[in-house]
Protein chains: 2
Amino acid sequence: MVQYFGTARLDASFAALSDATRRGVIEQLARAEASITDLAERFHMTLTGMKKHIGILERAGLVVTEKVGRVRTCRLGAQDLAEEAGWIASYHQRWSARFDALDDVIAELKAKEKMDGPERQ
Amino acid sequence: MVQYFGTARLDASFAALSDATRRGVIEQLARAEASITDLAERFHMTLTGMKKHIGILERAGLVVTEKVGRVRTCRLGAQDLAEEAGWIASYHQRWSARFDALDDVIAELKAKEKMDGPERQ
DNA sequence: CTAATACTGAACCATATGGTTCAGTATTTC
DNA sequence: GAAATACTGAACCATATGGTTCAGTATTAG
């Protein structure tokens, strides 16, 4: 595992993550699905602007959408970022020393997860 | 920790990682430092082109450079991507189910690290 | 049926990539 | 000192963001 990196996919994922609004959208969708209008309002942006962000997230596989009636609902996509995490972890590894910090981060997040409880699925 | 994300830094890091050439440069520099000429040759690119990539990596803090005489040497920077890993891990967490996969990835990389031994520093 | 809602598309704008070529400048090397 | 080496900067090109406004189209509410 974590042997071959689909570079095109990594390109799209990292590019999608390089914008604060899009990271915010992902965080939002992790809590609950939302329409374009919902997201546009929350991020103080026009519908058209938000639609573009969603397009980029969709192309990267991070978000999927479905239109029912006049409303397009956005949800987190199938892409689980394992490859991206692997790439970063590998960089960490070569970088050597501070690698253990990632363990702590994850342990911490797991502890928090138990307290919060999974909110979707 | 992993509470406040410096969004500008995350923007720059993820953007820097969104290009296959730049990820390749990082992998290269993880093995050994290199001049602009070295890197330009390895990635079949003009000096000027490679210089631009290095500039982006430098602004993101992923690479540092030092010019001695007429040669500019590039090395991995101080930025250790812990925050980026944390963000992705957090997404993983909310995404719930597949989170444990990251543990395996890391365990695997750690095992490999022991075999390889740290190559720098 | 009319009006409001929700999205969509085209067009436009400024800026950033990802690259190039061409013309320098600064350092070695011979 | 002349020539090769290594980088640097400006200028240019195409494409992609990140956003907007404006003008639709399709649905739903009244």
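In the text below, chain A, chain B and the rest are named by the order of the sequence lines, each starting its count at 1. Values reported hereafter were calculated over all heavy atoms of this structure, with side chains retained and with hydrogens, waters and symmetry mates removed.
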In whole Å, what is the span from the CZ atom of A/R22 to the C1' atom of D/dG19?
12 Å
Nearest whole angstrom, please: distance from the P of C/dG18 to the CD1 of B/I54.
13 Å
A/R23 has an atom CZ; how far is it from atom P of D/dT17, in whole Å?
16 Å
Whole angstrom is fine here: how far is it from CG in A/L57 over to P in D/dA16?
17 Å
Rounded to whole Å, CE of A/M45 lies from C1' of D/dT17 at a distance of 12 Å
Over all strands shown, is A/G49 touching base, sugar-phosphate only, or nothing at heavy-atom distances under 4.0 angstrom?
base
Quick one: do B/F43 and B/I26 end up in the same hydrophobic cluster if we chain Ile, Leu, Val, Met, Phe, Trp and Tyr together by side-chain heavy atoms under 4.5 Å apart?
yes
Please check the phosphate of C/dT8 (OP1 and OP2 only) for any side-chain N or O of A/K67 closer than 4.0 Å.
yes
Counting only Watson-Crick pairs (N1-N3 plus N6-O4 or O6-N4) and G-U wobbles (N1-O2, O6-N3), all under 3.5 Å, who is the partner of C/dA3?
D/dT28
Between A/I56 and A/M50, whichever has its closest DNA chain D nucleotide further toward 5' is A/I56
Nucleotide D/dT5, atom P - distance to CD of B/E41 in whole Å:
11 Å
Counting just side-chain N and O atoms, does B/H53 come under 4.0 Å of either OP1 or OP2 of C/dT17?
no
Any A/R72 side-chain N or O less than 4.0 Å from OP1/OP2 of D/dT27:
no
Atom CG of B/D19 to atom P of D/dT15: distance rounded to whole Å?
17 Å
Residue whose nearest DNA chain C nucleotide is more 5′ - A/V71 or B/G69
A/V71
Look at the side-chain N and O atoms of A/K52 and state whether any lies under 4.0 Å from the OP1 or OP2 oxygen of D/dG19.
no
What do the steps show when you test A/S13 against A/E84 for side chain to side chain donor-acceptor pair (under 3.5 Å), and what is the final call?
CA-CA 8 Å; A/S13 300; A/E84 291 71 15; 2.8 Å; yes
Ignoring hydrogens and geometry beyond distance, is the side chain of B/T48 in donor-acceptor contact with the base of C/dG19 at under 3.5 Å?
no
Closest of C/dT20, C/dT17, D/dG18 to the B/R59 side chain is C/dT17
I need the B/M50 CE to B/C74 SG distance, nearest 0.5 Å.
8.5 Å
Just how far, in rounded Å, is P of C/dT8 from NZ of A/K51?
4 Å
I'd like to know if the side chain of A/R23 reaches the main chain of B/T7, judged simply by a donor and an acceptor atom lying under 3.5 Å from each other, with no hydrogens or angles considered.
yes
Categorize B/L47 for me: base, sugar-phosphate, or nothing, with a 4.0 angstrom heavy-atom threshold over every strand shown.
base
Could you tell me whether a side-chain N or O of A/R22 sits under 3.5 Å from a main-chain N or O of A/A16, the two making a donor and an acceptor?
yes
